[in-house]
Amino acid sequence: MDLKSNHTSPILTDPTPSKSRLQVPSHLLQYSGVTFTPNLLLTVPTMNAGIIDIRANNCLHSMESSSPPHKKSRDINNDLASTDMDVAYRAWLLKYPSALASFEQITNFAKGKRITLFLDYDGTLSPIVDNPDCAFMSNDMRAAVKNVAKCFPTAIISGRSRDKVFEFVGLTELNYAGSHGMDIMGPVRQSSDDYHDCIRSTDKQGKEVNLFQPASEFLPMIDEVYNSLVNNIEEIQGAKVENNKFCVSVHYRNVDEKDWKTVAQRVHDVIRNYPRLRLTHGRKVLEVRPVINWDKGKAVTFLLESLGFSNYDDVLPIYVGDDQTDEDAFKVLREGNRGYGILVSSVPKESNAFFSLRDPQEVMEFLKSLVVWTKKTSTL
């Protein structure tokens, strides 16, 4: 597979929904994923630099809309608002049922199939914290991930650098993909040889692996932008710039809201001179990424092929994630009617996932339940 970078940015469209082989309620199928060309790449329409050159005001609006409201001191009005939110969340669960409450439905479909598990990290395996360097997973969560990886092929796909997420997780039983899937270390399979920029390497245990880095040509540019962003926003109290190897994250969770516009303007001033980079938004984070046709959804496809599972009808991929970037993976599973996306969220929001979990604690319960179910069915 040949990935060529250009000055364009992907636009994803939703084709007419098709009948799902996953046998889920019809109301869950109103969103379909992107359509792939035969080589599994999206068609990228031409865009001029003005569209990529996002204006600071639009950036600020995205920052505000993607950030949950601040918690306020308790009073009767807040109690009423909380009640309204509970009602809205219960209504939302009709559309995105709890994966715990729907566990029997999921496992009934999983019978006779090989589950493959994909997990985001921040907000999924670890709570969202003020300092991104302190986003540690609990020992109980680590044990749950380790146990589920003994049962199924498991990978973590994170926006963090691959080395950073490995430091947090510390488990050798998993496959890791960092920088939103632009830095993948996975098993060696013949099918992976079809991908350009895929090289044979060895992991820290000396095991032969495939290392896939489709944005490797952007490394000097990313480093340059990182240094510029550090110099431009270091004076803004609470702002933090993180180099995630193939993308740069600007965290504004600890920045006073009155300074968000300044953060947006400073980031905009830097990337406006880099038309081959684009700006995306996560949970109180701005991310500068290469304009290539690659995302977490493509990473899932790559890993499935590396595992030898891409052409089998007896495989059930499950992807658990909480962020906007995880939607690309949800779309791939939904479009191909091949697996389940599970959104981790305590507030209602639109998604291409099939099911939901409220927080990392529920994610851990789900993982533990999978292990128990596997052991139970293996003895039958």
Side-chain angles (χ1 to χ4, degrees), residues 98-104 106-107 110-111 113-178 184-187 203-207 209 283 296 299-300 303 307 309 315-323 326 329 339-346 353 355-380:
S98 166
L100 290 173
S102 306
F103 190 76
E104 184 176 357
I106 294 172
T107 53
K111 290 178 180 177
K113 295 179 172 60
R114 292 174 291 179
I115 293 176
T116 54
L117 192 60
F118 301 94
L119 304 167
D120 180 35
Y121 183 76
D122 291 274
T124 299
L125 300 181
S126 71
I128 298 295
V129 294
D130 289 342
N131 184 351
D133 290 334
C134 297
F136 304 113
M137 64 193 305
S138 68
N139 290 332
D140 287 343
M141 177 66 87
R142 182 173 290 102
V145 174
K146 183 174 183 176
N147 288 334
V148 82
K150 293 178 181 178
C151 299
F152 318 110
T154 303
I156 292 180
I157 305 179
S158 173
R160 303 268 193 162
S161 70
R162 180 169 50 81
D163 289 342
K164 172 65 75 174
V165 76
F166 180 79
E167 288 179 13
F168 279 132
V169 178
L171 296 174
T172 59
E173 293 87 350
L174 314 176
N175 296 306
Y176 291 88
I184 302 176
M185 182 174 285
D203 61 16
K204 294 182 179 180
Q205 289 71 45
K207 180 182 177 181
V209 294
R283 294 174 64 176
K296 287 186 176 182
V300 167
L303 284 167
L307 292 165
F309 290 161
V315 175
L316 179 63
I318 297 176
Y319 188 104
V320 188
D322 76 306
D323 200 61
D326 298 310
Y340 290 128
I342 300 176
L343 173 67
V344 183
S345 179
S346 60
F355 299 105
S356 67
L357 292 167
R358 185 179 287 268
D359 50 33
Q361 182 65 33
E362 288 198 352
V363 172
M364 184 168 65
E365 292 178 27
F366 180 76
L367 298 181
K368 289 181 177 180
S369 297
L370 280 176
V371 172
V372 171
W373 172 79
T374 301
K375 292 181 178 179
K376 180 180 178 180
T377 55
S378 65
T379 61
L380 297 179

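Note that the structure is predicted; figures quoted are calculated from it, not measured.
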**Request:** Looking only at non-hydrogen atoms, find the nearest pair between Val148 and Thr154 and report the distance.
**Result:** O-OG1, 3.9 Å
**Message:** So which atom in Trp373 and which in Ala110 form the shortest heavy-atom distance, rounded to 0.1 Å?
**Reply:** CH2-CB, 3.9 Å
**Complete:** Closest non-hydrogen contact found for Gly321 with Thr124 is CA-OG1, 3.5 Å
**Message:** Could you check whether any side-chain N or O of Tyr121 sits under 3.5 Å from a backbone N or O of Met137, counting only pairs where one atom can act as donor and the other as acceptor?
**Reply:** yes
**Fill in**
One should read off an interatomic distance between Lys146 NZ and Thr172 OG1, to the nearest 0.5 angstrom, of 7.0 Å
**Asked** Hey, which of Phe168, Phe166, Tyr176 is the one that makes side-chain contact (heavy atoms from CB on, under 4.5 Å) with Arg160?
**Response** Phe168
**Request:** Could you tell me whether the side chain of Leu117 reaches within less than 4.5 Å of the side chain of Leu367, counting heavy atoms only?
**Result:** yes
**Prompt:** Looking at Pro153 and Leu307, what are the two nearest heavy atoms and their distance?
**Reply:** CB-CD1, 3.9 Å
**Item:** Heavy-atom closest pair, residues Ser158 and Val165
**Value:** CB-CG2, 4.0 Å
**Prompt:** What's the spacing between Ile106 CD1 and Leu370 CG if we round to 0.5 Å?
**Reply:** 8.0 Å
**Item:** side chain to side chain contact (heavy atoms under 4.5 Å, CB included) involving Val129 - partner list, sequence neighbours excluded
**Value:** Pro127, Ala135
**Item:** Nearest non-hydrogen partners of Ala144 and Met364, listed with the distance
**Value:** CB-CG, 3.8 Å
**Asked** About how many Å separate CG of Asp140 and NZ of Lys368, when rounded to the nearest 0.5 Å?
**Response** 5.5 Å
**Request:** Hey, could you give me the CZ/CZ distance between Arg142 and Phe136, rounded to the nearest 0.5 Å?
**Result:** 9.5 Å
**Message:** Please evaluate residues Arg283 and Asp122 with respect to the criterion salt bridge (Lys or Arg N to Asp or Glu O under 4.0 Å), reporting the C-alpha separation (whole Å), side-chain torsions for both, the decisive distance (0.1 Å), and the verdict.
**Reply:** CA-CA 10 Å; Arg283 294 174 64 176; Asp122 291 274; over 6 Å; no
**Prompt:** With a cut-off of 6.0 Å (strictly less than), are more than 12 heavy atoms of other residues, nucleotides or ligands near CG of Asn139?
**Reply:** no
**Request:** Return yes if some donor-acceptor pair links the side-chain N/O of Ser102 with the main-chain N/O of Ala99 below 3.5 Å, else return no.
**Result:** no
**Asked** Of Asp120, Leu119, Val320, Ile157, which is the lone residue that meets side-chain contact (heavy atoms from CB on, under 4.5 Å) with Asp326?
**Response** Asp120
**Fill in**
In this structure, OG of Ser98 is separated from CG of Leu100 (nearest 0.5 Å) by 4.5 Å
**Asked** Taking atom OG1 of Thr374 and atom NZ of Lys150, what is their separation to the nearest 0.5 Å?
**Response** 13.0 Å
**Message:** Between Arg114 (side chain only) and Phe152 (backbone N and O only), is there a donor and an acceptor less than 3.5 Å apart?
**Reply:** no
**Asked** What residues form a side chain to side chain contact (heavy atoms under 4.5 Å, CB included) with Ser346, not counting sequence neighbours?
**Response** Arg358
**Asked** Would you call the rings of Phe118 and Tyr319 parallel, tilted or perpendicular, where under 30° means parallel and over 60° means perpendicular?
**Response** parallel
